[in-house]
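Notes follow the structure.
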There are 2 protein chains.
Amino acid sequence: MLESIQDDGGVTVSSEQLARRGHTTAAQVRKDLSHFGSFGKRGLGYSVDELRDRLRIILGLDQVWPVVLVGAGRIGSALFEYPDFKRRGYECVAIVDSNPEKIGRKWGELVIQPTAKLESLIKELCATLVILAVPASAAQLVAECSVNAGINGILNFAPVQLQVPDGIPVENVNLVMELEALSFQITRASKT
Amino acid sequence: MLESIQDDGGVTVSSEQLARRGHTTAAQVRKDLSHFGSFGKRGLGYSVDELRDRLRIILGLDQVWPVVLVGAGRIGSALFEYPDFKRRGYECVAIVDSNPEKIGRKWGELVIQPTAKLESLIKELCATLVILAVPASAAQLVAECSVNAGINGILNFAPVQLQVPDGIPVENVNLVMELEALSFQITRASKT
DNA sequence: ACTTTCTTGTGAAGCTTTTCACAAGCGGCT
DNA sequence: AGCCGCTTGTGAAAAGCTTCACAAGAAAGT
């Protein structure tokens with residue numbers, strides 16, 4: 001949001017304005033920010049540039065995160081091509097797939113590697129994140145292998161609840177569940 | 001989870017077992033279910049078949065949801081091919097894109113249509129959901145058009161907060177934000 | 001029929017998050 | 001300098017969510 005305000009030439013922004021854009025309340029914006037420090041000026045609001053920079057640091061976007069993509073299917077390719085990805089500091093350093101037909105193919109500069117190499121690739125390239133874009137049946141095994149190799153976080157697209165040690169953050173994206181959330185709300189509303 | 005238990009031959013399941021699988025607590029499982037009714041038997045647990053069927057009805061999965069896919073890019077194609085999609089009752093009834101090169105191509109049985117036809121397609125096909133897999137700059141316009149056509153819910157992949165009337169549910173999937181959640185947690189943990 | 005072993009459903013307690021409301025502070029205008 | 005219009009940061013109150021703990025009920029064995 002702050003970058004879009006920058007593009008529109010905004011220099012300062014109030015919690016009220018941010019709240020309207022983000023579908024929340026001004027008090028919520030201020031309370032949330034206050035957990036990390038004090039970024040605004042009374043009577044004036046927040047400096048867009050400064051707040052953006054401070055939030056980038058809080059989110060860890062002031063560094064490059066080497067990412068290994070596991071699964072060279074359609075979801076994998078969608079992510080690989082997604083431009084915002086690299087712009088935010090996430091750099092795909094390796095691609096892995098189990099399908100022998102895909103191994104050896106090139107995506108951009110990268111050659112698709114066999115799953116057997118996952119662990120050594122993570123170690124050699126010091127990858128911090130893996131993206132799991134594999135079928136549900138393979139996900140748990142890939143997760144364990146990544147954890148053994150010392151991965152720091154997992155983005156999981158497989159529709160299973162991964163079992164990983166405490167302290168390794170996992171974010172799940174379950175596309176069917178998002179649709180189910182919609183059909184649930186619509187069904188509810190129509191029963192009023 | 002219940003379907004996976006069915007496949008493993010499970011007949012009944014306790015809140016404790018469900019909690020372990022889902023990384024939550026038995027009390028949470030029971031409290032959540034209690035909001036929709038009383039599905040279990042004391043001393044025995046829940047009938048897997050019955051609970052699955054009841055939840056399917058609650059989530060609105062006992063009917064077919066006609067979906068229009070807007071944006072025939074990589075994310076769109078990943079969704080279109082995703083098999084779980086149709087299995088859960090979401091049926092893609094039309095594909096729309098703004099790129100003249102793509103219009104007229106066939107994906108399976110469906111011909112890609114121009115964006116201008118979106119409104120009439122939604123009306124004619126009685127589509128209840130749209131999936132927005134378009135660039136951020138186009139998303140708001142497509143959303144408004146869909147709302148005008150009487151859409152019931154929106155699944156939005158564009159990294160913008162859509163402004164739609166109250167009562168139209170919107171679910172957002174923001175891939176970069178998921179990665180940011182991971183790098184934030186890793187950054188935090190390393191500062192302890 | 002009685003006891004034992006489970007497990008649900010649910011008030012009450014405890015905890016977390018959100019909202020309220022206002023003192024304190026900044027900038028511009030007279 | 002003094003006043004006025006805004007807006008932050010934050011304790012305190014309100015609302016919401018999770019956990020606890022237990023009565024009530026179900027099945028199976030004696």
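Please read all numbers here as calculations on a predicted model, not as lab measurements. Order of the sequence lines fixes the chain letters, A, B, ..., with proteins taken first and strands second; residue numbering starts at 1 for each chain.
For the pair A:G43 and A:A27, nearest-nucleotide mapping onto DNA chain D gives the more 5' position to A:G43. Both A:D32 and B:L33 lie near DNA chain C, and the one whose nearest nucleotide falls closer to the 5' end is B:L33.
Atom P of nucleotide C:dT18 and atom NE2 of A:H23 are separated by 17 Å, given to the nearest angstrom. Between B:E16 atom CD and D:dT19 atom P there is a gap of 13 Å when expressed in whole angstrom units. In this structure, NE2 of A:H35 is placed 16 Å from C1' of D:dT8, rounded to the nearest angstrom. Rounded to whole Å, atom P of D:dA15 lies 16 Å from atom NZ of A:K31. A:L51 places its CG atom 14 Å from the C1' atom of D:dT7, with the value rounded to the nearest Å. Atom NZ of B:K41 is separated from atom P of D:dA28 by 12 Å (rounded to the nearest Å). Atom CG of A:L18 is separated from atom C1' of D:dT8 by 13 Å (rounded to the nearest Å).
Closest to the side chain of B:T25, from the set D:dT19, D:dA26, D:dT10, is D:dT19. Between C:dG9, D:dA26, C:dT18, one nucleotide has an atom nearer to the side chain of A:Q28 than all others, and that is C:dT18. Out of C:dT18, C:dT8, D:dT19, the shortest distance to the side chain of B:S15 is found at C:dT8. Relative to the side chain of B:S14, the nucleotides C:dG9, D:dT8, C:dT7 differ in distance, and C:dT7 lies closest.
Taking the side chain as every heavy atom from C-beta outward, A:L125 and A:P66 never approach each other to under 4.5 Å. Contact annotation: the side chain of A:Y90 never approaches that of B:L175 to less than 4.5 Å [non-hydrogen atoms, C-beta and beyond].
A donor N or O paired with an acceptor N or O is not found under 3.5 Å between the base of C:dT7 and the side-chain atoms of B:R42.
Close to C:dG9, at under 4.0 Å from its OP1 or OP2, lies no side-chain N or O of B:S34. Here B:Y46 does not reach the OP1 or OP2 of C:dC6: none of its side-chain N or O atoms lies under 4.0 Å away. Side-chain nitrogen and oxygen atoms of B:R30 include none within less than 4.0 Å of the OP1 or OP2 phosphate oxygen of C:dG9.
The two atoms that bring A:S14 and A:Q17 nearest to each other are N-OE1, 2.8 Å, heavy atoms only.
A side-chain donor-acceptor contact under 3.5 Å links B:W65 to the backbone of B:G60.
Atom NZ of A:K41 is surrounded by 12 or fewer heavy atoms from other residues, nucleotides or ligands within 6.0 Å.
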